[in-house]
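Down below is the structure, laid out as structure tokens.
In what follows, residues are counted from 1 in the order of the sequence shown.
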Amino acid sequence: MKICDNFGKFAQLLSAKRKRYRSLTVTCVMGTWRESQIMRKMNIEQVREYTLSLYGVTEDQPFGDDIITYRLEGKIFVCLWLGGKYDMKDAEPRFALKLSPERNVELRDRFTAVTPAWHWNKRHWSDVYYEQLDDSLVEEWISESYSLIVSKLPRTVRERYM
């Protein structure tokens, strides 16, 4: 029996990873099973759908046709750039995300796809280049931003969102 013939045990190890990746291919290289994976990445519609799926979130365009803001109780927590002629930074898809100052520093240190937000308070806001990141991270950070806003609401209003 070749080493590569024993695929069952290897497949069990990969089962958890399959949920995280869009595509997971496995090949036998020199008698050893190797995996290659493609991260699931969100597109602009998926970012919009996920953000609107959070309870109480509204969207509007107070800054022009190329920006959509997402609010909870009137407080912005995500600002999604749609692309357009007024971009002064670069043309990559991104959104600005409000997080705690400590969390912003941590994410900027760990991920090149997270940078200080353009035209926002750089201490509280980061630009997230969502097409460069796994969708689970993007969803986690949007939820974290939402939770931050919820935590700052008056107690009587906050209870509706917990």
Give, for atom [atom1] of [X] and atom [atom2] of [Y], the distance between the pair rounded to the nearest 0.5 Å.
| X | Y | atom1 | atom2 | value |
| --- | --- | --- | --- | --- |
| Ile44 | Arg94 | CD1 | CZ | 11.0 Å |
| Ser151 | Glu144 | OG | CD | 10.5 Å |
| Thr69 | Ile76 | OG1 | CD1 | 4.5 Å |
| Phe77 | Leu72 | CZ | CG | 6.5 Å |
| Glu139 | Asp134 | CD | CG | 9.0 Å |
| Tyr50 | Tyr130 | OH | OH | 16.0 Å |

Any side-chain heavy atom of Pro62 within less than 4.5 Å of one from Arg71?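 In short, these two side chains touch, coming nearer than 4.5 Å.
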Is any side-chain heavy atom of Ile67 less than 4.5 Å from a side-chain heavy atom of Cys79?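 Ile67 reaches Cys79 side chain to side chain.
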Is Asp109 atom CG crowded by more than 12 heavy atoms from other residues, nucleotides or ligands, each under 6.0 Å away?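 Enclosed: over 12 neighbouring heavy atoms sit under 6.0 Å from CG of Asp109.
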Count the heavy atoms of every other residue, nucleotide or ligand shown that sit under 6.0 Å from CZ of Arg123, and state whether that count exceeds 12.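 No, the 6.0 Å shell around CZ holds no more than 12 heavy atoms from other groups.
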Candidate list Thr115, Val114, Val138, test side chain to side chain contact (heavy atoms under 4.5 Å, CB included), partner Tyr129, passing option: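 It is Thr115; the other options fail the test.
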Of Asp127, Ile68, Val128, the residue whose pairing with Phe95 passes side chain to side chain contact (heavy atoms under 4.5 Å, CB included):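 Answer after filtering Asp127, Ile68, Val128: Val128.
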Hey, is the main chain of [Y] close enough, under 3.5 Å, to the side chain of [X] for a donor-acceptor pair?
| X | Y | value |
| --- | --- | --- |
| Asp135 | Met42 | no |
| Lys98 | Trp125 | no |
| Ser145 | Leu97 | no |

Between [X] and [Y], is there shared hydrophobic-cluster membership here, with clusters defined by ILVMFWY side-chain heavy atoms closer than 4.5 Å?
| X | Y | answer |
| --- | --- | --- |
| Leu137 | Val78 | yes |
| Leu82 | Leu52 | yes |
| Ile142 | Leu148 | no |

Considering residues at least two apart in sequence or located in another chain, which fulfil the side-chain contact (heavy atoms from CB on, under 4.5 Å) criterion with Ser100?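 Once residues adjacent in sequence are excluded, the partners of Ser100 under the side-chain contact (heavy atoms from CB on, under 4.5 Å) criterion are Glu102, Arg103.
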Among all residues two or more places apart in sequence or in another chain, which pass the side-chain contact (heavy atoms from CB on, under 4.5 Å) test with Val157?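 For Val157 the side-chain contact (heavy atoms from CB on, under 4.5 Å) partners, ignoring immediate neighbours, are Glu73, Leu153, Pro154, Arg160, Tyr161.
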Would you please say whether a donor-acceptor pair under 3.5 Å links the side chains of Thr51 and Tyr146?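 There is no such pair (donor and acceptor under 3.5 Å, judged by atom type) between the side chains of Thr51 and Tyr146.
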